[in-house]
Amino acid sequence: MNSSKSPGLAGFGILKNTTCHTEKKISVFFSIIFMTVGILSNSLAIAILMKAYQRFRQKSKASFLLLASGLVITDLFGHLINGAIAVFVYASDKDWIRFNQSNILCSVFGICMVFFGLCPLFLGSVMAVERCIGVTKPIFHSTKMTSKHVKMMLTMVCLFAVLIALLPILRFRDYQIQASRTWCFYKTEHVEDWEDRFYLLLFSCLGLLALAISFLCNAVTGITLLRVKFKSQQRQGRSHHFEMIIQLLAIMCVSCICWSPFLVTMARIGINASHSKETCETILFALRMATWNQILDPWVYILLRKAVLKNLYKITSGCCGMHIINLHMWELSSIKNSLKVFIDNQNVSKIFCSMITLYRNSYL
C-alpha cells in the first residue's frame, strides 16, 4: 500500500503516463557510437597533452596543460560511466522497475550527470582565470602557480563538484527518472517543493557563472595580448600565449553553445516550478546538446595546436595566396637587387674618378 512512497520507487510514477518516446535500436546505436568516438577523442587528446606537458614541465605553460589534462580526463570518465549506464538502460528496454528496485542505479546516474556536467565547466573557468593571471601578472604566476598549487586547485574543483552532486543524497532526496526514461536528474516535472527548485537553480546558476567567468577572463587576456603585440615588435615568448588563448576561446564557444540550452532550461523549470511549459522533447534535446561538449572538447586540443595551425596556414597560403606572396617577394628582391647594383655602380664611379684625379696630380 505504501510502495509508491518508498525511496526505491522514486520517479516510477512518471513511467506510466509518459509521452516522450525514443526508438530503442536507433538510441542504442547512437549511444554506442557517441561513447566510442568520445573515448577515442579524449584518449588522443590526453596523449597529446601529456606529451606537451613533458616538454613544458618547467615553463609557464605547464600549469595550463595540467588543467587541460584534468578537463579531458574528466570528459573521458564522463563518457565511460554515463555512456555505459545509458547503453545499459537502452539495452534493458528502459525497464527501470525491473533493474532499479532500490533506486541505486538512478542515484549513481544522477550523481554522475551532475558531477560530469559541472566539473568541466568549473575547470574551463579555472583555466581561463589561470591564463588571465599568467598574462596580466606573469611574476605572480611564475612564483605562485606551481604544479603543486594547480593540483590542489584541481582537487578542490572536483571535491566541490562532488559535493554539489551529493547534496540531494545528503538531504535524503532521490534523483528522479526523467520522462524519457533514459536518464536521471533532479526533479523536473511537477516541481512544487522549494528544495527541488533550489537544486535546479543551483545547478544552472553555477554553470552559467562558470561560463560568465570564462568569458570575462578570456576577454581580458585577449585584449592584454593584443595590446602587448601592437606596442612591442618583439613577439618572442608570446606565441604560446596566443595558442592557449585560441584554445580557451574555442572551449568557451563550445561550452556556451552546448551547455547554454540545458542550463537555461533547468533555470526556467526552477523559476516557474509547476507552471513550467518545458516539454520532455525540449529537455531531451537540450541534454543531447550538452553531451556534445564532451565530444568536441578534446578536438580543441587535437586541432588547435601550434603545429597544426602552422600547417593549416601553409596549406591555405599555398592554395589561396601563393601567387601574391611570390609576386610580393619578387618585387622586394628586384628592388633590393636594383639598389645593390645602383650602389655598386656609384662606388665604381667614385673609384674611377679618384684614380683619374690621382693620375692628374701625379702627372702635374
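Numbering of residues begins at 1 and proceeds along the displayed sequence. Heavy atoms only: backbone and side chains are in, while hydrogens, waters and symmetry mates are out.
Taking the six-membered ring for Trp and thresholds of 30 and 60 degrees, Y186 and Y175 have nearly parallel ring planes, at less than 30 degrees apart. Using bins of under 30°, 30° to 60° and over 60° for the plane-to-plane angle, the ring pair F109/W96 lands in the parallel bin.
Using a 4.0 Å cut-off between charged side-chain N and carboxylate O, K187 and D174 make no salt bridge.
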Exercise for the section: Could you walk me through whether S69 and I46 pass the side chain to side chain contact (heavy atoms under 4.5 Å, CB included) test, one step at a time? Expected result: CA-CA 6 Å; S69 300; I46 289 171; over 6 Å; no
Chi angles and distances behind the side chain to side chain contact (heavy atoms under 4.5 Å, CB included) call for W183, I85: CA-CA 9 Å; W183 60 297; I85 297 176; over 6 Å; no
If you apply the rule side chain to side chain contact (heavy atoms under 4.5 Å, CB included), what do you find for T221 with L248, and how did you get there? CA-CA 10 Å; T221 305; L248 278 175; 6.0 Å; no
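Taking each heavy atom of R197 and G270 in turn, the nearest pair found is NE-O, 2.9 Å. Here the shortest heavy-atom pairing between L263 and L208 reads CD1-N, 3.8 Å. Here the closest non-hydrogen pair linking A128 and C217 is O-CB, 3.6 Å. In this structure, K94 and S180 approach most closely via the heavy-atom pair CD-O, 3.7 Å. For the pair D75 and D297, the tightest heavy-atom approach, listed with the atom from each and the gap, is OD2-OD2, 3.1 Å. Closest approach of M35 to A84, counting heavy atoms only: SD-N, 3.5 Å.
Considering only heavy atoms from C-beta on, H79 comes within 4.5 Å of I295 through its side chain. Here the side chains of I177 and N100 are in contact, with some heavy-atom distance below 4.5 Å. Between I283 and L287 there is no side-chain heavy-atom pair separated by less than 4.5 Å. Side-chain contact check for Q176 versus T188: every heavy-atom pair is 4.5 Å or farther apart. Between L44 and P298, every side-chain heavy-atom pair lies at or beyond the 4.5 Å cut-off. Contact of the Q247 side chain with the F64 side chain is registered, since non-hydrogen atoms from C-beta on lie closer than 4.5 Å. Residues F116 and Q294 are in side-chain contact: their nearest non-hydrogen atoms beyond the backbone lie under 4.5 Å apart. A heavy-atom distance below 4.5 Å is not found between the side chains of I164 and F203.
The SG atoms of C106 and C184 are placed within less than 2.5 angstrom of each other.
In this structure a side-chain-to-backbone donor-acceptor pair under 3.5 Å is missing from S41 to G38. Judged by distance alone, the side chain of D193 and the main-chain N or O of E195 form a donor-acceptor pair under 3.5 Å. The backbone N or O of C258 lies less than 3.5 Å from no partner atom in the side chain of N293, so there is not a single donor-acceptor pair. A donor-acceptor pair under 3.5 Å is formed between the side chain of T279 and the backbone N or O of T282. For S255 (side chain) and M252 (main-chain N/O), no donor-acceptor pair under 3.5 Å exists by modelled atom type. Between the side chain of R131 and the backbone N or O of N218, no donor-acceptor pair lies under 3.5 Å. The main-chain N or O of F122 is found under 3.5 Å from a side-chain atom of S125 such that the two form a donor-acceptor pair.
Taking a 6.0 Å sphere around CG of L163, one finds it holds more than 12 heavy atoms contributed by other residues, nucleotides or ligands. Surrounding CZ of R171 are at most 12 heavy atoms belonging to other residues, nucleotides or ligands under 6.0 Å away. When the shell of 6.0 Å around CZ of F99 is examined, it contains more than 12 heavy atoms from other residues, nucleotides or ligands. In I139, the CD1 atom is not crowded: 12 or fewer heavy atoms of neighbouring residues, nucleotides or ligands sit closer than 6.0 Å.
V129 and F140 fall within the same hydrophobic cluster, where Ile, Leu, Val, Met, Phe, Trp and Tyr residues are linked whenever their side-chain heavy atoms come under 4.5 Å apart, directly or through other members. Linking ILVMFWY side-chain heavy atoms closer than 4.5 Å, directly or via other members, places I111 and I81 in a single hydrophobic cluster. Under the 4.5 Å side-chain heavy-atom criterion for Ile, Leu, Val, Met, Phe, Trp and Tyr, M127 and M50 are members of the same hydrophobic cluster. Grouping the Ile, Leu, Val, Met, Phe, Trp and Tyr side chains by contacts below 4.5 angstrom, directly or via other members, places L166 with V157.
If you run side chain to side chain donor-acceptor pair (under 3.5 Å) between S63 and each of E130, K151, H149, only E130 comes through.
In this structure, F262 has its ring center closer than 6.0 angstrom to the ring center of F185.
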